[in-house]
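Structure first, then comments.
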Amino acid sequence: GSQAITGGSYRLSATEDNNVVKVSSDWRKSTLDVVVRVPRSANLELWTTNNGSILVQGVSGEMQLQNTNGPVTVESAAGPVIAESVNDVVSVSFASLSGVSATSLTSVNGTLAVGLPESASVQLHLDTTRGDITSDFEIEVLPSQPKVSRTEDRGKVEIAVENAIIANVNGGGPVIRMKTLNGDIEINRTP
């Protein structure tokens, strides 16, 4: 009789060109763990699909992180973060906000959590359709200012109105945008 042959073939490659390192794999059978050590100030663009997870620790450079069907976790960040997940959690904690410009956290079906130092001064733009918003900080909610946009293309006109909760923590500062469709938003204090 026939017998199943276990294992699998895959390709993992790492290339460097002009101080940019690209790591990629075609492994689809299960997960493949890749651990990369980078300088603290490195800029990162990371993405994975289906049952993978992204974990970044102690990086102060700019980060663009995207995961489909898995979580995105950033610990002790000190730079701007753009993170997106479909169907899972996005969790970002900041060690410092001194080098941070705007940050954006997005999920379709997952909770968004941001951890801030006690003395953090930020402006939050919060938007959840089917979730709760909680904060460990005293926040000042600013008056609502809906944003209206109009686009025209080949005779088609689209008008969109978007309204988010805008709130200051400790007087405001860099913008942290958090938007989820089916998830909660949590603003936490980091130790």
Side-chain angles (χ1 to χ4, degrees), residues 42-149 160-191:
N43 294 330
L44 303 176
E45 291 182 33
L46 306 174
W47 64 93
T48 187
T49 303
N50 294 333
N51 299 322
S53 61
I54 295 175
L55 170 62
V56 178
Q57 297 172 314
V59 172
S60 62
E62 296 178 9
M63 291 175 256
Q64 294 182 13
L65 315 170
Q66 183 176 351
N67 194 347
T68 302
N69 299 322
V72 174
T73 305
V74 179
E75 298 172 350
S76 299
V81 178
I82 298 173
E84 177 181 335
S85 176
V86 177
N87 299 326
D88 220 317
V89 173
V90 174
S91 177
V92 176
S93 69
F94 287 95
S96 167
L97 290 163
S98 61
V100 176
S101 56
T103 288
S104 178
L105 311 179
T106 309
S107 182
V108 174
N109 293 313
T111 293
L112 302 175
V114 65
L116 303 170
E118 177 109 18
S119 62
S121 296
V122 298
Q123 185 174 83
L124 302 169
H125 292 218
L126 309 171
D127 185 355
T128 180
T129 304
R130 296 182 189 98
D132 295 324
I133 300 173
T134 59
S135 175
D136 290 346
F137 292 89
E138 291 290 326
I139 62 172
E140 172 195 3
V141 177
L142 302 177
S144 179
Q145 299 175 5
K147 181 177 161 185
V148 178
S149 62
V161 178
E162 183 175 353
N163 192 21
I165 297 170
I166 299 175
N168 286 335
V169 174
N170 293 325
V175 172
I176 297 178
R177 180 180 174 270
M178 302 173 76
K179 182 174 184 173
T180 180
L181 180 63
N182 294 312
D184 296 334
I185 294 177
E186 300 171 358
I187 299 100
N188 305 308
R189 281 190 176 95
T190 56

Give a yes or no on whether the backbone of G183 and the side-chain of T128 come within a donor-acceptor separation of less than 3.5 Å.
yes

If the condition is side chain to side chain contact (heavy atoms under 4.5 Å, CB included), which residues does P146 pass it with, not counting sequence neighbours?
S144, V161, N163

Looking only at heavy atoms, the pair that brings P117 and A95 closest together is CG-O, 3.7 Å

Answer yes or no: is there a donor N or O on one side and an acceptor on the other, between the side chain of D184 and the main chain of D132, under 3.5 Å?
yes

So L124 and V169, do their side chains get closer than 4.5 Å, heavy atoms only?
yes

Which atoms form the tightest heavy-atom contact between S107 and L112, and what is the distance?
CB-CD2, 3.7 Å

Can any side-chain N or O of T103 pair as donor or acceptor with the backbone N or O of I176 at less than 3.5 Å?
no

What pairs with S96 under side chain to side chain contact (heavy atoms under 4.5 Å, CB included), at least two apart in sequence or on another chain?
A78, S98

Per the side-chain contact (heavy atoms from CB on, under 4.5 Å) rule, which among V90, L46, V74 passes with I54?
L46

List in chain and number order the residues that pass side chain to side chain contact (heavy atoms under 4.5 Å, CB included) with V59, two or more places apart in sequence or in another chain; answer none if no residue qualifies.
V38, L44, V56, M63

Please, which pairs that meet side-chain hydrogen bond (donor to acceptor under 3.5 Å, both in side chains) have at least one residue in residues 59-68, sequence neighbours excluded?
none

Output the distance between atom CG (D127) and atom OG1 (T180), rounded to the nearest 0.5 Å.
9.0 Å

Residue pair T48 / S53: nearest heavy atoms and the distance that separates them
CG2-N, 4.2 Å

For G172 against S121, the heavy-atom pair lying closest together
O-CB, 3.3 Å

Main-chain N/O of G110 paired to S85 side chain as donor or acceptor, under 3.5 Å:
no

With a 4.5 Å heavy-atom cut-off, do I187 and F137 have their side chains touching?
yes

Could you tell me which residues satisfy side chain to side chain contact (heavy atoms under 4.5 Å, CB included) with L142, sequence neighbours excluded, listed by chain and number?
Q123, E140, I166, N168

State which residues pass side chain to side chain donor-acceptor pair (under 3.5 Å) with S135; sequence neighbours excluded, sorted by chain then number.
none

Roughly how far, to the nearest 0.5 Å, is CD of E84 from NZ of K179?
11.0 Å

Please list all pairs meeting side-chain hydrogen bond (donor to acceptor under 3.5 Å, both in side chains) that have one or both residues in residues 70-80, counting only residues at least two apart or in different chains.
Q57-E75

Once rounded to the nearest 0.5 Å, what's the spacing between atom CD1 of I82 and atom CG of L65?
9.0 Å

Report the C-alpha distance between V122 and L116 in whole Å, list the side-chain angles of each, state the deciding distance to 0.1 Å, and finish with yes or no for side-chain contact (heavy atoms from CB on, under 4.5 Å).
CA-CA 9 Å; V122 298; L116 303 170; 3.9 Å; yes

Looking only at non-hydrogen atoms, find the nearest pair between L105 and A113 and report the distance.
CD1-O, 4.3 Å

For the atom pair CE (M178) and CD1 (I165), what is the distance rounded to the nearest 0.5 Å?
12.0 Å

Going by the rule side chain to side chain donor-acceptor pair (under 3.5 Å), which residues pair with N109 if we only count those two or more places apart in sequence or in a different chain?
N87, N182

Nearest heavy-atom pair of S93 and T190: which atoms, and what distance?
CB-CG2, 3.8 Å

Any salt bridge (charged side-chain N to carboxylate O under 4.0 Å, His left out) involving residues 106-122? Give me the pairs, sequence neighbours left out, ordered by first then second residue.
E118-R189

